[in-house]
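Have a look at the structure below before the remarks.
Positions are given from 1, in the same order as the sequence printed here. Below, all heavy atoms of this structure are taken into account, side chains as well, without hydrogens, waters or symmetry copies. The model shown is predicted, which means the values in this text are computed figures rather than measured ones.
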Amino acid sequence: AMAFVFEKATRKKVKLKILIDGPSGSGKTIGALHTARGLVGPNGKIAVIDSEKDRSEYYADRYDFDKLSLADLRCQAYGEALQAAIDAGYEAVVIDSLSHAWLDIIARKDTFDKANPSKNQWTNWGLFTPEWDRLIRFILECPIHVICTARSKQAHEQIEEGGKKKVIKLGLAPQIREGTEYEFAVTFSLNNMHSGEATKDNTNLFGDTTEPINLL
């Protein structure tokens with residue numbers, strides 16, 4: 001028979017995996033850099049994997065970090081860039097933005113669907129989502145702090161009221177695979193006022209999740 005041994009649970013120094021989502025201009029990049037610096041201290045090494053056309057360089061005068069411009073937006077490229085950062089000894093990595101990896105999958109699936117009209121579009125997802133799942137698992141399991149940003153867009157729904165159709169706003173939806181935000185230990189949702197809420201916080205580091213948080 002197998003021996004099952006229980007050990008005393010202790011709170012270890014875990015490497016945090018954080019997601020920051022918000023609309024364009026809400027302060028995701030600078031918030032991610034500020035959070036990364038707070039996690040690694042004044043002398044810790046920070047790397048940025050930048051798929052945002054080098055947007056992070058706007059803040060190079062305020063934060064000390066090394067940057068990799070990512071032109072290949074496939075999940076595999078993101079994973080290889082993250083592995084390179086781990087190998088180079090960085091203590092925290094900012095991935096800005098994770099949305100591009102998901103939008104790249106959507107674009108490639110759409111092309112595949114159009115080229116194969118006889119195939120079931122729903123089952124076609126099975127050809128593409130495993131690469132996303134592998135990337136997210138790698139991010140969550142890697143031995144350094146990782147802070148990802150994700151763009152949010154206003155989601156809408158059309159309803160019928162009194163015989164008339166009208167469109168209602170549902171709030172901001174991050175442009176990543178649905179449910180991914182729940183995989184991270186901490187998720188911040190920012191608004192255009194540069195403040196946000198910790199919509200998920202397994203660490204209890206950020207207090208009352210209903211209170212707006214300024215990541216700066």
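Contact record, I20 with G31: CD1-C, 4.0 Å, taken as the closest heavy-atom pair. For D50 against S56, the heavy-atom pair with the smallest separation is OD2-OG, 2.7 Å. The two residues C142 and L82 come nearest to each other via the heavy atoms SG-CD2, 4.2 Å. Taking each heavy atom of G41 and R37 in turn, the nearest pair found is O-NH1, 2.8 Å. The two atoms that bring S51 and H100 nearest to each other are OG-ND1, 2.6 Å, heavy atoms only. Across L190 and P23, no two heavy atoms sit closer than the pair O-CD, 3.4 Å.
Looking only at side-chain heavy atoms (C-beta outward), L140 and R137 stay at 4.5 Å or farther from each other. Side-chain contact check for L33 versus F65: some heavy-atom pair is nearer than 4.5 Å. Side-chain atoms of L16 and T35, non-hydrogen and from C-beta on, never get closer than 4.5 Å to each other. A heavy-atom distance below 4.5 Å is found between the side chains of V40 and H145.
Between the side chain of T149 and the backbone N or O of K28 there is no donor-acceptor pair closer than 3.5 Å. Here the side chain of D54 pairs no donor or acceptor atom with the backbone of E57 at under 3.5 angstrom.
Hydrophobic clustering, with ILVMFWY side chains joined whenever heavy atoms are under 4.5 angstrom apart, keeps Y59 apart from I95. Cluster membership check: L98 does not share its hydrophobic cluster with I18, using side-chain heavy-atom separations under 4.5 Å among Ile, Leu, Val, Met, Phe, Trp and Tyr. Grouping the Ile, Leu, Val, Met, Phe, Trp and Tyr side chains by contacts below 4.5 angstrom, directly or via other members, places L73 with I136. Hydrophobic clustering (ILVMFWY, side-chain heavy atoms < 4.5 Å, transitive): Y182 and I139 are in distinct clusters. No continuous path of ILVMFWY side-chain contacts below 4.5 Å connects Y78 to I147, so the two sit in separate hydrophobic clusters.
Residues that satisfy the salt bridge (Lys or Arg N to Asp or Glu O under 4.0 Å) test with K109, not counting sequence neighbours, are D113. Taking D64 as the reference, nothing meets the salt bridge (Lys or Arg N to Asp or Glu O under 4.0 Å) condition, with sequence neighbours excluded. In this structure, the salt bridge (Lys or Arg N to Asp or Glu O under 4.0 Å) partners of R74, at least two apart in sequence or on a different chain, are D72.
Distance check: E52 CD to S69 OG gives 11.5 Å after rounding to the nearest 0.5 Å. Distance CD1/I86 to CD/E91: 13.0 Å, rounded to 0.5 Å.
Both tests do not hold together for K17 against F184: distance to the six-membered ring centre under 6.0 Å, angle to the ring axis within 45°.
Taking the six-membered ring where tryptophan is involved, the planes of F112 and F128 are perpendicular, since the angle between them exceeds 60° and thus also 30°.
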Item to check | Pair K15-E141, salt bridge (charged side-chain N to carboxylate O under 4.0 Å, His left out): steps then yes or no | outcome: CA-CA 9 Å; K15 300 301 179 183; E141 293 175 357; over 6 Å; no
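A salt bridge is absent between D96 and R55: the closest approach of a Lys/Arg side-chain nitrogen to an acidic carboxylate oxygen does not fall below 4.0 angstrom.
T180 and W102 form no side-chain donor-acceptor contact under 3.5 Å, judged by distance and modelled atom types alone.
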